[in-house]
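Let me begin by presenting the structure, written as structure tokens, before commenting on it.
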Amino acid sequence: MTNSLCIRNATVVLPDQLQETDVLVEDGIISAIGRGLPNGKETLDASGLILFPGLIDPQVHFREPGNTHKEDLHTGSKAAAAGGITSFLDMPNNNPAVINAERMAAKKQRAAEQCVVNYGFFVGATPENLAEINSVPNVCGIKVFMGSSTGDLLVHREEDLERIFANGSRLIAVHAESERQIRDNTALLQGCKDVKAHPKIRDEATALEATELAVRLSLQYKRRLHILHLTTEEETLLLRRLPRDHKISTEVCPQHFTLTAPDCYEKLGTLAQMNPPLRSPRHGKALWQALKDDIINCIATDHAPHTLEEKDAPYGKAPSGMPGVETSLPLLLTRHSQGDCSLVEIAKWMSEAPARLYRMKNKGRIQVGYDADLTLVDAQLKRTVENGKLFTKVNWSPYAGMELTGWPVRTIVHGQTVFVDGQIQHGIRGKEIQFMEE
Ligand code: DOR
């Protein structure tokens, strides 16, 4: 039996333009776009609302297995749905880390049972698991921690990195911070309990050195490289100088152009601590400009929840990371309300580009034949972010107290409404994203 949904009168964000029109969904697929379409089993009047292609967050840490007191695939995916995100790519720095086929299969099994939106996973690289990273089925890419962060994944020696770049064709996603510089700077600032030291320990040079090495290896081996969460003006300048035929993409997190040092550390303490760190305003401006200039391709949140109790520890003991899936779209819509970007750009950065870069099948656009993952937005709606009223298990946000303009009002996954009227609907499950190999 056909399940159908007709969304009428929305301002639809098509790849290059906005169009006020209707969209018909049948059996989870977009089947028609235009006026004069028949009603569906369900028909919505979306006058005054914006219809985006379902947003894709290409970097989250939903903490399963091993740290489900912070988040799990169910709560993380509910938070994603509430943020208008219909698909996410989750990182392997779990406990135990997801570095082989068996652990990946267990994670996918759990995701199939628990995720309310669509999911894809990175496999984690170690110095020893070359065969596994190239053979684990259907992953979005290989995650390489070049510098240590949360968890025990680390590949920092150049010969180990070179072996990974030289063998295989899958996308390599790097956390680009130089382990040597992190260690040297930590030794220099030994015993410092002030979180304001964080961007000094993991300073600009720490990021740039690792990014330079990853770029060099990618160019040498013609290997697809994605640089995760770019944070410095210096790295944007490096990326502006790449040769034409490169295979390098990158992303930025909203916090890196929204929250700035040193005031974020004064206001939020270790809640503002993440890797790579929040930095001074010149970086935020350069990152935003690089996004506008297509040097940075997409937005990711690096949603990395830790509990308030854990974050309460003094600097040096507190873990790095902050939640973000519920606020990334509202932050971008707020920039739109201020005239800084268009709705088409938001769709490009948060849906089309991640789908294309990670070679997701049938995602990233509102187009006939594509999956009916859709996000309906009220671009005028103003709401203040409040701790204790979030879907993430840790229930805090670095943006608490901030009024944002533009919020998702309905999130649709494969034609089924998973979030509406501020509530998650029961019984909806996402699907595994299919990644096309070369
Ligand atoms: O701040 C961070 N937290 N950066 C990372 O790379 C990992 C993340 C986490 O998993 O907590």
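Counting starts at 1 for both ligands and their atoms, in listed order. Values below: every heavy atom of this structure, side chains too, minus hydrogens, waters and symmetry copies.
- At a heavy-atom distance under 4.0 Å, only side-chain atoms of His306, from C-beta outward, approach ligand 1.
- The shortest N/O to N/O separation between Arg63 and ligand 1 falls below 3.5 Å.
- Side-chain atoms of His69 and Glu310 include a donor-acceptor pair closer than 3.5 Å.
- Ring-centre distance between Phe121 and Phe62: not below the 6.0 Å cut-off.
- In terms of protein heavy-atom proximity, atom 4 (N) of ligand 1 is nearest to Asn275 O, 2.8 Å.
- Between His175 and ligand 1, at least one pair of N/O atoms sits closer than 3.5 Å.
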Would Phe88 and His303 satisfy side-chain contact (heavy atoms from CB on, under 4.5 Å), going step by step from the backbone distance to the final call?
CA-CA 10 Å; Phe88 65 84; His303 178 89; over 6 Å; no

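- The environment of CD in Gln380 is sparse: at most 12 heavy-atom neighbours from other residues, nucleotides or ligands sit within 6.0 Å.
- The residue Lys143 has no part lying near ligand 1, judged by heavy-atom distances below 4.0 Å.
- At a 4.0 Å heavy-atom cut-off, ligand 1 touches Ser320 through backbone and side chain alike.
- Using a 4.5 Å cut-off on side-chain heavy atoms (C-beta onward), His256 and Arg279 make no contact.
- With hydrogens left out, the protein atom closest to atom 5 (C) of ligand 1 is Ser149 OG, 3.0 Å, a heavy atom.
- A donor-acceptor pair shorter than 3.5 Å can be found between the side chains of Glu432 and Asn138.
- Between Arg216 and Glu158 there is a salt bridge, with a side-chain nitrogen of the basic residue lying less than 4.0 Å from a carboxylate oxygen of the acidic one.
- Side-chain polar atoms of Asn275 and Ser149 form a donor-acceptor pair below 3.5 angstrom.
- Ranking protein heavy atoms by distance to atom 8 (C) of ligand 1, first place goes to Ala304 CB, 3.6 Å.
- Which parts of ligand 1 touch Phe145 is read off a 4.0 Å heavy-atom cut-off, strictly below it: atoms 6 (O).
- Distances below 4.0 Å separate heavy atoms of Asp302 from the following atoms of ligand 1: 4 (N).
- The option from Val60, Asn94, Thr150 that lies nearest to atom 9 (C) of ligand 1, judged by heavy atoms, is Thr150.
- With a 4.0 Å heavy-atom cut-off, ligand 1 is reached by the backbone of Met274 and by its side chain too.
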